[in-house]
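I have placed the structure first, in the form of structure tokens, so that the comments after it can refer back to it.
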Protein chains: 2
Amino acid sequence: MTKIPVPGQSVRGSKSGSPIMAMFDLLGRRWAMGVLWTLSEQGPLSFRGLQDACETISPGVLNSRIKELRAAGFVALGEDGYHVTALGSDVYEALLPLSKVSKVWAERLADLEKPHKAQTG
Amino acid sequence: MTKIPVPGQSVRGSKSGSPIMAMFDLLGRRWAMGVLWTLSEQGPLSFRGLQDACETISPGVLNSRIKELRAAGFVALGEDGYHVTALGSDVYEALLPLSKVSKVWAERLADLEKPHKAQTG
DNA sequence: ATAGCTCGCTACTAAATTGATAGCACATTA
DNA sequence: TAATGTGCTATCAATTTAGTAGCGAGCTAT
């Protein structure tokens, strides 16, 4: 299996394994944030339920991301399926500002697209 | 070149292109957050300066990430090199809580490693 | 003007990751 | 017994990333 980034050990962007770079290494993989987000908002979910909720994720990738998120302690498997841990919930909440910015971003792009004539400066 | 995710268009995790999923698609690529982070903290930087600051990124990947971040409007190239835009700075600030959590995460892991005898619980 | 520097960036190949699909072993239910 | 649902694994193609070399332009010193 692929190496799971851990703070304190060499990760992408930091040989000394700075926490934020380890976090980026972990979350900067396809679907990682999407899985955590989806599970936080819609969990607990079964493997297949999570797969469906993600719309287009393949089981192999989902399995990899789950393993990594579990190893990191962000996600756990309980009686009623996968769910985020307390720490995982903290990560989710840390992503909320990003959601806010993403909306600003979307609006800005929409503004650039709509008025093909003039522009507010 | 690889497709650049845009809110409103089909992206990983959302066929309708929800802003947060578009953001995850954009930032959930190898080095994307690391590049934005490094540039925010140490910028403006030249291409090679940014490459050095990232420690181990290859020019091909850096070039891809820069293209994507520029297309998204998070990064721009000025007289004195690459720098984050106002929007890019917003994204950076939205990542700050993640940095905080990453430290908690690192501490938790350190606590689990250190005491090989007993454990508080 | 020719050598040496840095600049942004491209080309090329190999390795790793991701995507897509099929299906396994187990448990539950009917 | 058969059908369904569970968490996954296997396989293979497609895409992405890594690693390294180097281009063409510009600037500087000789």
Side-chain angles (χ1 to χ4, degrees), chain A residues 1-5 10-15 21-22 24-36 38-39 42-72 74-84, chain B residues 1-5 10-15 21-22 24-36 38-39 42-72 74-84:
Chain A
M1 197 191 45
T2 179
K3 189 188 166 193
I4 299 177
S10 180
V11 296
R12 232 181 303 266
S14 168
K15 288 173 186 169
M21 286 301 164
F24 286 163
D25 199 349
L26 183 74
L27 296 185
R29 298 178 176 194
R30 292 273 159 67
W31 281 109
M33 288 186 285
V35 165
L36 186 64
T38 302
L39 200 57
Q42 302 178 38
L45 286 169
S46 70
F47 186 95
R48 281 175 151 88
L50 182 52
Q51 189 181 352
D52 289 346
C54 287
E55 295 193 22
T56 61
I57 195 172
S58 70
V61 173
L62 177 57
N63 189 35
S64 294
R65 290 304 92 86
I66 284 178
K67 273 182 185 167
E68 291 155 11
L69 292 172
R70 289 178 78 174
F74 297 171
V75 161
L77 177 58
E79 281 291 310
D80 43 1
Y82 288 105
H83 59 90
V84 296
Chain B
M1 198 191 44
T2 178
K3 189 188 169 193
I4 300 176
S10 181
V11 297
R12 231 181 303 266
S14 169
K15 289 173 187 169
M21 286 300 164
F24 285 164
D25 200 348
L26 182 75
L27 296 184
R29 298 178 176 193
R30 291 267 160 71
W31 281 108
M33 288 186 286
V35 166
L36 185 65
T38 302
L39 200 57
Q42 303 178 37
L45 286 169
S46 69
F47 187 95
R48 282 174 150 88
L50 182 52
Q51 189 181 350
D52 289 346
C54 287
E55 295 193 20
T56 61
I57 194 171
S58 69
V61 172
L62 176 57
N63 189 34
S64 294
R65 290 305 92 85
I66 284 178
K67 273 183 185 166
E68 291 155 12
L69 292 172
R70 288 178 78 174
F74 297 171
V75 161
L77 177 58
E79 281 291 311
D80 44 0
Y82 289 103
H83 57 90
V84 295

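Computed over heavy atoms, backbone and side chain alike; hydrogens, waters and symmetry mates excluded. Reminder, nothing fancy here: chain letters follow the sequence lines and each chain counts from 1. The structure presented is a predicted model; accordingly, all values stated were derived computationally and were not measured.
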Taking OP1 and OP2 of [N], is either one under 4.0 Å from a side-chain nitrogen or oxygen of [X]?
| X | N | result |
| --- | --- | --- |
| B:K67 | C:dT10 | yes |
| A:R12 | D:dA18 | yes |
| B:R29 | C:dT17 | no |
| B:N63 | C:dT10 | yes |
| A:R30 | D:dT17 | yes |
| A:S58 | C:dT18 | no |

For B:S46, report the nucleic acid contact type (base, sugar-phosphate, nothing); a contact means any heavy atom under 4.0 Å.
sugar-phosphate

Give the intermediate values and the outcome of side-chain contact (heavy atoms from CB on, under 4.5 Å) for residues A:T56 and B:K15.
CA-CA 9 Å; A:T56 61; B:K15 289 173 187 169; 4.0 Å; yes

Which of these nucleotides, [options], is closest to any side-chain atom of [X]?
| X | options | answer |
| --- | --- | --- |
| A:V61 | C:dT17, C:dG19, D:dT6 | C:dG19 |
| B:R48 | C:dC7, D:dG7, C:dT21 | C:dC7 |
| A:R65 | C:dC24, D:dG22, C:dT18 | C:dT18 |

B:E68 side-chain N/O to B:L26 backbone N/O, donor-acceptor pair under 3.5 Å
no

So, B:R12 side chain and A:W31 main chain: donor-acceptor pair closer than 3.5 Å or not?
no

Taking atom CD1 of A:I57 and atom CZ of A:R30, what is their separation to the nearest 0.5 Å?
11.5 Å

Rounded to the nearest 0.5 angstrom, the NZ-CG distance for B:K3 and B:D25 is 8.0 Å

Euclidean distance, atom [atom1] of residue [X] to atom [atom2] of [N] [Å, nearest integer]:
| X | N | atom1 | atom2 | value |
| --- | --- | --- | --- | --- |
| B:K3 | D:dT15 | NZ | P | 13 Å |
| B:I57 | C:dT10 | CD1 | P | 14 Å |
| A:E55 | C:dG19 | CD | C1' | 16 Å |
| B:I66 | C:dG8 | CD1 | P | 8 Å |
| B:L50 | C:dG8 | CG | P | 9 Å |
| A:D52 | C:dA20 | CG | P | 15 Å |
| B:L62 | D:dA21 | CG | C1' | 17 Å |
| B:F47 | C:dC5 | CZ | P | 21 Å |

Whichever of A:R70 and B:W31 has its nearest DNA chain D nucleotide further upstream toward 5'
A:R70

